[in-house]
Each structure stands twice: as C-alpha cells, then as structure tokens.
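As the structure is a computational prediction, the values presented were derived from the model and not from experiment.
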Amino acid sequence: MLAAARDRPLTSPPLWPSDIADDATPVEFSVQVNDGGDRHLRILAETLPAAPSPAANLRAAKDLVAALADRYDLPLDRLRAVEDLFSPDEPQGKFSWWFSFIFDAAGRPKFKIYFNPDVRGRDRAEELVEEAFTRLGLDGAHLTVSDYALRRPADRLTFFALDLDRSPESRVKIYVSQHDAGIAEVQHAASAVPGIDHGQVGDFCRLLAPGTERFAGRPLVSSYSFVQGDREKPSNYSLYLPLRDYVPDDSVARERVRRHLRARRVDPAMLDEVIGALTDRDLAAQAGMLAHVSLRLSPDRTGTTVYASSEAYGGTKN
C-alpha cells in the first residue's frame, strides 16, 4: 500500500500533499472499540506512485485494488458497478480513491475503499452519489441523505465508500461534512436511522467539546451505512468530531476521550496504549495527535473510534 512512499526518508518532504493527515502523511491510524470492549485496528491510507499526480494517483489506486483482490479473493462486483463514475480522465479535488485496512484481534484484514464525490467537480458531486446509490440498488438512499444531512449550503458530500467483502453486513457508506453546524443539525442527521437514541449525539458533542455552540473550525461529519436489506433508511449513523480543533492541546483531548470511554463502559487504558504506540512527546505541547473521535449508533450496536495521527511530518498544520 505504501508503494513509492515506503522507503522515502522522513527527512525528505512528503511525496504528495496527502489529505489523509494534517501534515500530509499518507497514513492515519484508528482503533474502533464496541461498547463492551471488542477492538479493531484500522489504517486509512493513500497509495502513491513515484511520480504522483491526480491521474497517476488514480492509476496507482486501481493497481492496488487489483493486487488486493488477487491476494485476498475480494469481491469487486459493487466496485465495478460504480467505478466509472469515480474514474475521470482528469480527476479533481484532493484525492480520487483512498483505502481503509481493518484488522481484527487475530490480524485478519478487511478492506474498504473511499471515493471522492468531487472527483468530476464539486458541482457534480450529488449527481455522482445519486447515480452510485441507484446502481447499487439503493434508489431512495440519496433522498434520505438530502433530507437529513444535506439540508444547508454548508453541508457537503465528502466520501462515498464501499466495504470489499461478502458479509451481509458489508456496507455502502456516505459521509457529509456539516460546516458550521450545531448540535441540532447533527441530531437531526442522526434521526434518519430508525431505532437509535439520537440524543446521544448531543451528549457526545457536549462531553468532547464543552461550551461549543457552533463547530466553526473543521466540520462535524455525519455518515450513514446501508447494508443488505436496506433501501431508503440506513442501518447506522456515525458522527465524527474533529477533536484537535476544539481542544487547546492533546493532554486535554486525552482526558475528554477517557471520560467518554468510561461513559461507554470501555477501559480508558486502551487510549493510552494507542498514544504510547505512536508518540512519546509531551501531549500538552500541541493538539493534533488525537485528530478525530467518532460515535457509532445502530439499533443493536454502538461504539467509538479514536483516530490518531503519527505526526510523521511534524503534526497539525492549521
């Protein structure tokens, strides 16, 4: 996956200004933990060729898909159904395709691919996503997303994603960045999912960003997951809070995340294991290593994911 970036020394500048992490590192780590304790390690990544460009990066991503499919016998039928939508000759936006590698406790991987809705221009994002949903048999999904999360000019489609596995829980996901949103907007977005307590979204925001009325820095991100049997209503809602914009430093971020984990009946020692694996710097020196925290809500399962930057190229650039 690291491809041309694998052997590049960190004393050299980034090969490409990847938007994966704040400092252009093409990798971000996260730990997903279900309420009760089950964990998964996840790595979000952008694969880069030796001579990167928007078109070359897209070709490298397609080559990686082929290599992974061959090695792990991945089903590509859903990807093939929408691939042409997200494969223009001249890709636009900050990226074309990204990847997530999800490892269980035994180290077995699953794979997820992210597409950029802006890849043919921002003005065509909704058109692309609506067509992708239709091709995947989710005809009413785009209307649900529009009604609950894309209601304001400041709400922008961010990612369209597919799990590459054969499980009945294999997901089609859509992410919406809700710029300058308050708690009311994201609670309304969460109410698209039947059978969940969308009030937990407000509790989550107030605990991690106390006193914040409007999230005017990096935006809150709402996402929906559609699985087998879904057509219009999603089975899952997740809210991603960009913690590094709403804390003075990572020591404060750590304490807030620990409080959140305890409230979800998760041992907060997990967080210190994550931090210790990535850094030995003074957490009070700056914010940015603890980049995002997400709350995942579905009728039968809830959980938290903590996103952590390696700060390989020096950390957060505002």
Side-chain angles (χ1 to χ4, degrees), residues 1-10 12-28 42-72 74-102 109-136 142 156-164 172-177 218-219 221 223 309-310 312-313 317:
M1 178 277 299
L2 285 173
R6 181 186 63 189
D7 299 320
R8 187 175 182 82
L10 289 175
S12 299
L15 187 63
W16 176 259
S18 178
D19 204 42
I20 291 278
D22 294 335
D23 63 351
T25 304
V27 172
E28 179 191 61
R42 308 194 314 172
I43 301 172
L44 179 66
E46 181 172 20
T47 191
L48 298 171
S53 70
N57 296 357
L58 177 55
R59 289 193 296 270
K62 290 186 174 187
D63 290 344
L64 180 59
V65 167
L68 292 172
D70 182 60
R71 181 170 179 174
Y72 294 99
L74 301 182
L76 299 182
D77 51 328
R78 294 194 303 181
L79 185 151
R80 298 302 184 217
V82 300
E83 179 177 12
D84 64 298
L85 296 175
F86 301 100
S87 301
D89 292 336
E90 297 181 3
Q92 300 181 45
K94 294 183 177 180
F95 77 102
S96 294
W97 296 10
W98 284 350
F99 297 88
S100 182
F101 303 83
I102 307 162
K110 287 188 176 181
F111 305 96
K112 179 180 172 184
I113 188 164
Y114 295 78
F115 301 111
N116 183 359
D118 290 345
V119 74
R120 293 182 182 273
R122 176 169 288 188
D123 59 334
R124 295 192 60 188
E126 288 199 45
E127 171 193 339
L128 258 63
V129 166
E130 184 173 11
E131 176 62 19
F133 274 134
T134 299
R135 292 187 187 186
L136 296 171
H142 183 261
R156 300 294 310 177
L157 291 164
T158 306
F159 307 116
F160 185 85
L162 300 173
D163 285 341
L164 301 180
V172 177
K173 292 193 71 175
I174 186 69
Y175 298 73
V176 179
S177 293
R218 289 180 176 87
V221 177
S223 82
S309 170
S310 68
Y313 289 109
K317 303 291 191 298

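- With sequence neighbours left out, the side chain to side chain donor-acceptor pair (under 3.5 Å) criterion links S177 to T158.
- You'll find the side chain of V119 reaches within 4.5 Å of the side chain of L128, heavy atoms only.
- With rounding to the nearest 0.5 Å, the separation of CG in D163 from CZ in R78 is 6.5 Å.
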**Report entry** Test side-chain contact (heavy atoms from CB on, under 4.5 Å) applied to N116 and F159, step by step
**Finding:** CA-CA 5 Å; N116 183 359; F159 307 116; over 6 Å; no

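- F99 meets the ring pair (Phe, Tyr, Trp, His ring centres under 6.0 Å) test with no other residue; sequence neighbours excluded.
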**Report entry** side-chain contact (heavy atoms from CB on, under 4.5 Å) evaluation trace for V221 with V176
**Finding:** CA-CA 5 Å; V221 177; V176 179; 5.9 Å; no

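- Under the 3.5 Å distance criterion, the side-chain polar atoms of T25 are left unmatched by any main-chain donor or acceptor of V27.
- Legend: residues meeting side chain to side chain contact (heavy atoms under 4.5 Å, CB included) with D19, ordered by chain and number and at least two apart, are K94, W98.
- The closest side-chain heavy-atom distance from D22 to E28 is not below 4.5 Å.
- Shown here are the salt bridge (Lys or Arg N to Asp or Glu O under 4.0 Å) partners of R71, two or more places apart in sequence or in another chain: there are none.
- Partners of P52 by side chain to side chain contact (heavy atoms under 4.5 Å, CB included), not counting sequence neighbours, listed by chain and number: L15, W16, P49, N57.
- The shortest distance between side-chain heavy atoms of I102 and P109 does not fall below 4.5 Å.
- Remark: R135 pairs with D84, E131 by the side chain to side chain donor-acceptor pair (under 3.5 Å) rule, at least two apart or across chains.
- Partners of P17 by side chain to side chain contact (heavy atoms under 4.5 Å, CB included), not counting sequence neighbours: none found.
- Scored by the side chain to side chain donor-acceptor pair (under 3.5 Å) test, Y114 finds K112 as partners (sequence neighbours excluded).
- Considering only residues two or more places apart in sequence or on other chains, D118 meets the side chain to side chain donor-acceptor pair (under 3.5 Å) condition with none of them.
- For W97, the ring pair (Phe, Tyr, Trp, His ring centres under 6.0 Å) partners two or more places apart in sequence, or in a different chain, are F115.
- Residue R6 holds its CZ atom at 11.0 Å from OG1 of T47, rounded to the nearest 0.5 Å.
- Closest approach of Q92 to G121, counting heavy atoms only: OE1-CA, 3.5 Å.
- The line from CG of D23 to OG of S309 is 5.0 Å long, rounded to the nearest 0.5 Å.
- Residue L44 holds its CG atom at 9.5 Å from CZ of F101, rounded to the nearest 0.5 Å.
- When every heavy atom of R8 is checked against every heavy atom of P13, the shortest pair comes out as NE-O, 2.8 Å.
- Residue P88 comes nearest to R120 through the heavy atom pair CB-NH1, 3.7 Å, listed as atom of the first residue, atom of the second, then distance.
- Using a 4.5 Å heavy-atom cutoff, the side chains of K62 and S87 are in contact.
- L164 and L74 get closest at one heavy-atom pair: O-CD2, 3.7 Å.
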Report task. For the pair F160 and F133, evaluate ring pair (Phe, Tyr, Trp, His ring centres under 6.0 Å) and give the outcome as yes or no after the intermediate values. Result -> CA-CA 10 Å; F160 185 85; F133 274 134; 5.3 Å; yes

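- In this view, A50 and A4 satisfy the side chain to side chain contact (heavy atoms under 4.5 Å, CB included) rule, not counting sequence neighbours.
- To the nearest 0.5 Å, the span separating CG on L162 from CD on E83 amounts to 11.0 Å.
- Separating the CG atom in L157 from the CD atom in E130 is a distance of 10.5 Å, to the nearest 0.5 Å.
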